[in-house]
Structure formats: structure tokens, C-alpha cells
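Worksheet for the structure shown next.
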Amino acid sequence: MGCSCFSAKGHANGAHHAADGDSLRDINHFSYNELRSATDNFHSANKIGRGGFGTVYKGTLKSGRQVAVKTLSAQSKQGVREFLNEITIISKVRHPNLVELIGCCAQGTNRILVYEYVENNSLDRALLGPKDTNIKLDWGKRSVICLGIAQGLAFLHEELAPHIVHRDIKASNILLDKKFNPKIGDFGLAKLFPDNITHISTRIAGTTGYLAPEYALGGQLTMKADVYSFGVLIFEIISGKSSAKASWGGMQKLLLEWAWQLHEEGKLLELVDPEMEDFPEEEVIRYMKVAFFCTQAAASRRPLMSQVVDMLSRNIRLNEKLLSAPGFFQDSGGISGPTSSTKKSSADSISNQMSSVPVTITEVTPR
């Protein structure tokens with residue numbers, strides 16, 4: 001799942017080249033002591049995030065540049081040179097909606113990544129953090145965030161060669177710059193870690209609500225798993241609520257489950273965050289219907305991210321006849337459908353839809 005994105009034009013002050021070959025010269029190399037100094041010895045007061053791959057600290061380089069320093073806690077399965085080769089490849093990936101990787105440290109057993117510092121922290125904090133943070137997300141900001149994430153994913157999935165599947169799209173992995181443009185973080189490092197690390201980190205973070213059912217249960221990882229997670233994220237952005245909790249709609253319902261119930265009842269607008277006072281109703285409903293297309297139970301029914309960008313950016317009529325109930329994964333009960341807790345006939349129809357998930361998904365699996 002990865003990491004973030006990066007560049008290596010010019011070297012930050014205090015960084016130095018590795019002396020082990022031309023192939024590694026395009027990325028800045030920091031010593032452990034430089035990064036320890038930049039973060040005040042990785043002081044807890046500088047901690048700005050934590051995930052399955054490690055802890056992130058705010059730091060200031062000797063040049064005065066502010067950075068985000070991520071200490072990787074997961075056990076890498078590669079040696080130093082292989083690690084640096086992977087980082088160098090990732091560092092060439094550049095897009096406005098991807099976090100920039102400035103450099104790294106691979107000294108002794110330390111594996112540390114140095115990213116650009118993104119001013120408004122994570123989307124998770126903006127949506128679900130304390131309300132006294134003075135961050136007010138109107139529809140203009142929220143729609144830009146949705147579209148920007150979609151554009152970043154479309155780039156990873158369809159424009160890069162080899163393609164990158166993120167594997168952990170969620171609000172805490174989306175950072176917001178000073179203009180509230182979204183930047184996807186934590187992508188591109190999948191090869192460095194055991195294949196199960198995503199599942200482990202996702203469960204620890206309590207974000208199983210984002211996991212596509214075919215990925216959570218069968219390990220079928222394709223770009224359509226990212227599409228599913230993105231669909232869930234749209235509902236979070238519009239509702240200001242967490243997909244990790246199963247307590248919405250006055251019942252034990254996941255956010256996606258509750259959204260589908262409201263859709264069936266013709267009450268989708270009840271999902272909208274009350275903090276968002278003025279918004280174009282038709283556009284917001286269209287975004288939510290795009291999210292339903294993204295979260296179809298069968299991966300083959302979900303659109304490509306380039307199609308999602310098109311659906312979000314243009315006022316086009318969506319063919320709702322193609323919509324079926326989304327599928328989702330719960331730790332205790334495996335795959336279910338949104339209305340499975342109500343009527344038996346509904347549960348039967350959901351299980352029939354779930355059985356349509358292909359045994360093998362023919363999407364390219366770019367790893």
C-alpha cells in the first residue's frame with residue numbers, strides 16, 4: 001500500500017547522495033541524526049499521524065523547510081539496496097494529488113521516509129476531528145477534494161506504468177494542502193512489506209468499512225478494490241461521518257449500509273453533513289450515486305477511476321437501472337448486503353448479488 005509521492009530535483013539542505021551507484025542518486029538521503037534533530041528526537045509533541053506502516057512526525061530541516069518524517073515500523077522484506085531502488089522508482093512519480101516524497105533514510109535498521117509537509121493535516125482530522133479546529137468544509141471544498149482524490153487514483157491506476165494499486169484509501173491517508181487540495185499519501189510501498197500488512201493495519205485502525213468484500217475475504221486485489229474504498233470515502237466526505245463505526249441510522253448499520261437504506265427510501269439528502277448549510281442538492285445526490293456505482297458488490301460492475309472522474313466532473317445523467325445494492329465486509333459476519341438485517345427476502349437477494357462476484361477478477365494486478 002504504500003507511500004506517497006516524490007521527486008528528487010535538487011537536494012534538500014543537509015541531504016547527501018548515497019555513494020552506491022548512479023541509479024540511487026535521484027533521491028535525497030538523510031542521516032538518522034539529521035532526522036532525529038529535525039524532529040527534536042522524534043518528540044511526541046511533533047507526532048502528527050500514525051498508521052500501519054509507521055508513525056509520522058513534523059520536522060524542520062536545517063534549511064528551515066518543514067517536512068513530515070515517517071518512521072517505518074513494518075518489517076521490510078528487502079535489503080537496503082532493494083529498499084532504495086524501490087524508493088527511487090516511487091520518487092519519480094509526480095502528480096498534484098499525490099504527496100511528494102523528498103527523501104529517505106536507510107541507515108542500520110532504520111527505514112524512514114521524508115515527505116513534503118502538508119499544512120491542513122489529514123482529511124480524517126478535517127471531517128472527524130474537533131470542531132474547534134476552524135476548518136469549515138463547504139460543498140465547494142468537499143467537491144474539489146472528491147474530484148482531486150479521483151484524479152490522483154486515476155493517475156496511479158491508468159497512467160503509470162507499472163500501475164499502482166493503493167490498497168488503503170481512507171480519510172487518514174488523504175492530506176489537505178493550504179488550499180484544501182487533496183494529496184494521496186501512503187502509496188507505492190507495497191512491495192517492501194508482507195502482503196498481509198494492509199489487512200493488519202486496516203483492522204488496527206478500525207477501518208474495515210473501507211475494505212472491498214472480495215479483497216477482505218478472498219485477497220483479490222485489483223484496482224477495483226481502490227474504487228470501492230473511494231466510494232465509501234465519498235459518503236464520509238458528504239456526511240462528515242466515519243465508515244468505521246457501525247451505529248448509523250439509529251441501528252447497528254455501517255455508513256454505506258445506512259446510505260443505501262436512505263437511497264431506497266428516497267431520503268438520500270438526510271445523509272448530508274448538517275455542518276454544510278448551503279449545497280446544490282442535485283450535484284450532491286449525483287456524487288452519492290457515483291459512490292454507489294463505486295461500491296457495487298461485484299468488482300466487475302464498478303467503474304474505472306477515469307470514468308469516475310468523468311462522472312464527478314460533468315453533469316451527466318447516470319443510468320440508475322444498473323445500480324444494485326452494495327456489498328460490504330464485517331469482521332463478525334463476512335460479506336453482507338445493506339438490507340440483510342431486515343427482511344429475509346432482502347437477505348436472499350443480497351446473497352444472490354454477492355454470488356455474482358467473479359471467482360477470478362480479470363483486472364490487471366499491478367504489483
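Keep in mind it's a predicted model, so treat the numbers as computed, not measured. Throughout, numbering of the chain's residues begins at 1 and tracks the sequence.
- Under a 3.5 Å cut-off, the side chain of N173 and the backbone N or O of G185 do not form any donor-acceptor pair.
- Between V69 and F30, the closest side-chain pair of non-hydrogen atoms is not below 4.5 Å.
- Of all non-hydrogen atoms in R302 and P213, the two that sit nearest each other are NH2-CD, 4.1 Å.
- Across S122 and A171, no two heavy atoms sit closer than the pair CB-O, 4.1 Å.
- Between the side chain of K136 and the backbone N or O of E275 there is at least one donor-acceptor pair closer than 3.5 Å.
- Using a 30° and 60° split on the angle between ring planes, H263 and F292 fall in the tilted class, from 30° to 60°.
- When all heavy atoms of E158 and S306 are compared, the closest pair comes out as OE1-OG, 2.6 Å.
- In this model, a donor atom of one side chain and an acceptor atom of the other lie less than 3.5 Å apart for S243 and E236.
- Remark: D310 CG to L304 CG distance equals 11.5 Å, nearest 0.5 Å.
- Nearest heavy atoms, T39 versus N46: O-ND2, 2.9 Å.
- Atom CZ of R125 is separated from atom OG of S172 by 11.0 Å, given to the nearest 0.5 angstrom.
- Within the 3.5 Å criterion, the main-chain N or O of Y32 finds a donor-acceptor partner in the side chain of Q107.
- Between the side chain of R286 and the backbone N or O of M311, at least one donor-acceptor pair lies under 3.5 Å.
- Contact record, N181 with D177: N-OD1, 2.8 Å, taken as the closest heavy-atom pair.
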Going through the checks in order, is the side chain to side chain contact (heavy atoms under 4.5 Å, CB included) test met by I237 and L127?
CA-CA 7 Å; I237 292 169; L127 285 174; 4.1 Å; yes
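- Interatomic distance, Q261 CD to L268 CG, rounded to the nearest 0.5 Å: 11.0 Å.
- Shown are D226, L175, V99, L153; of these, the side chain to side chain contact (heavy atoms under 4.5 Å, CB included) with I184 is made only by L153.
- Closest non-hydrogen pair, T222 versus V165, comes out as O-CG1, 3.7 Å.
- In this structure, the side chains of Y115 and I102 stay at 4.5 Å or more apart for every pair of heavy atoms.
- Between F155 and H95, the ring planes are tilted. Angles from 30° to 60° get that label.
- Using a 4.5 Å heavy-atom cutoff, the side chains of Y228 and L211 are not in contact.
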Would you sort out whether R81 and L84 count as a side chain to side chain contact (heavy atoms under 4.5 Å, CB included), showing the intermediate values?
CA-CA 5 Å; R81 188 174 183 86; L84 293 175; 5.7 Å; no
May I have the step-by-step check of side chain to side chain contact (heavy atoms under 4.5 Å, CB included) for I285 and E282, ending in yes or no?
CA-CA 5 Å; I285 287 174; E282 284 188 16; 5.8 Å; no
Is there a side chain to side chain contact (heavy atoms under 4.5 Å, CB included) between I48 and Y57? Walk through the geometry before answering.
CA-CA 5 Å; I48 54 176; Y57 299 87; 5.7 Å; no
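- Rounding to the nearest 0.5 Å places NZ of K267 at 5.5 Å from CD of E270.
- For the pair R301 (side chain) and L322 (backbone), a donor-acceptor distance under 3.5 Å is present.
- The shortest distance between side-chain heavy atoms of I27 and H29 falls below 4.5 Å.
- Rounding to the nearest 0.5 angstrom, the gap separating the CD1 atom in I149 from the NE2 atom in H166 is 10.5 Å.
- Residue D278 qualifies as open at atom CG: its count of foreign heavy atoms under 6.0 Å is 12 or below.
- The pair D168-K170 meets the salt-bridge criterion, since a charged nitrogen lies less than 4.0 angstrom from a carboxylate oxygen.
- Aromatic pair F235/W260: centroids not less than 6.0 angstrom apart.
- Within the 4.5 Å cutoff, the side chain of C294 has heavy atoms near those of the V308 side chain.
- At a threshold of 4.5 Å between side-chain heavy atoms, the hydrophobic network of Ile, Leu, Val, Met, Phe, Trp and Tyr places V144 and V118 in two separate groups.
- Under a 3.5 Å cut-off, the side chain of R142 and the backbone N or O of L137 do form a donor-acceptor pair.
- With a 4.5 Å cut-off on side-chain heavy atoms, T55 and K47 count as touching.
- The OG atom of S143 lies 11.0 Å from the CD1 atom of I234; values are rounded to the nearest 0.5 Å.
- Judged by distance alone, with hydrogens and angles left aside, the side-chain atoms of K183 form a donor-acceptor pair with the main-chain N or O of P96 at under 3.5 Å.
- Inter-residue side-chain proximity for I87 and F83 is flagged as met; some heavy-atom pair is nearer than 4.5 Å.
- Side-chain atoms of I169 and Y210, non-hydrogen and from C-beta on, never get closer than 4.5 Å to each other.
- Checked for salt-bridge contact, K179 and E119 miss the test: no charged N lies under 4.0 Å from a carboxylate O.
- No hydrogens or angles considered: a donor-acceptor pair under 3.5 Å links the side chains of Q296 and S324.
- Salt bridge status for D273 with K241: absent, with no side-chain N to carboxylate O gap under 4.0 Å.
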